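Notes to accompany the following structure.
Not measured: the values here are computed from a predicted model. In what follows, every chain begins at residue 1, and chains take the letters A, B, ... in the order their sequences are listed.
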Amino acid sequence: MLVFTRRRGETIRIGDGIEVQVLRVGRDGVRLGVVAPPDVPVHRQEVYASICEANRRAANPVPDLVALSRRLPRERP
Amino acid sequence: MKHMNQRLASSRSERLVDAGIVLSAQHAIRFPGGLPGFEACRRFVLFAPEGASPFQYLKSLEGPPASFLVIDPRRIVPDYPCVLAEHDRQQLGADADSVLLWLALVMIEPDGTIAANLAAPVVINPAGMIGYQLIPQDAAYPLRHVVAGPDYPTSE
């Protein structure tokens, strides 16, 4: 892992078009600003991990879709 | 042969689905980044087995085999906001007038509970056959929204 010391307002540049700027440094956290091309997704790690986990739980085959659809609440007219 | 065995082992409804629908590449929806946890799944087909409405299946055509049961989130929460930010629309090559398909991934839990992921829906632009999963910074809806409790068994 590359380790940098950065002060408030200073930036790290990654590859072509990705910038990470330190906006604010507090007691418990650091506020970062990220500039990235539109095709580069930027997420909080724990948010991405929780969606990975939810997707893995959703990827189970279902035995009987017809029976399952009967269990849904009725559609409002 | 291995594939055939898997086919035989799968449930009856699944076999009917595979028999009745041609899962060809021309119907493939591209997911350039895959789905979180399934990043290698770059192409999916969406199909609706007979009688299963309002559920549909989103099935991977490449990468690890993965099938997801999906449903329009508005079928669960009628006023669910199907609104995309400009940045997200660009991902799909869509503009403000594009008709987009919104799908919540459905989880069937071991005790039979049906839950839907309303926090991170899959959005598809049918015009470009391209889709991706929305990863919200601050989700207003939960990753696990219970649709039906565990009271009823899912199998016969």
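A:Arg13 and A:Glu19 are joined by a salt bridge, as a carboxylate oxygen and a charged side-chain nitrogen come within less than 4.0 angstrom of each other.
At a 4.5 Å heavy-atom cutoff, the contact between B:Ser53 and chain A is made by backbone atoms alone. Contacts between B:Val106 and chain A at a heavy-atom distance below 4.5 Å involve the backbone alone (N, CA, C, O). For a residue to count as touching a neighbouring chain, one of its non-hydrogen atoms must lie under 4.5 Å from one of that chain's; by this rule B:Ile71 touches chain A with the side chain only. Interface residue A:Val42: only backbone heavy atoms are found under 4.5 Å from chain B.
Between the side chains of B:Asp72 and B:Tyr80, no donor-acceptor pair of N or O atoms lies under 3.5 Å.
Ranked by heavy-atom pairs under 4.5 Å with chain A, the list B:Gln90, B:Gln133, B:His87 is led by B:Gln133.
Residue A:Val3 shares its hydrophobic cluster (ILVMFWY side chains chained together at separations under 4.5 Å) with no other residue.
The minimum heavy-atom distance between B:Arg144 and B:Ala115, with the atom names listed, is CG-CB, 3.8 Å.
Ring pair B:Phe68/B:Phe44 is tilted by interplanar angle, where 30° to 60° counts as tilted.
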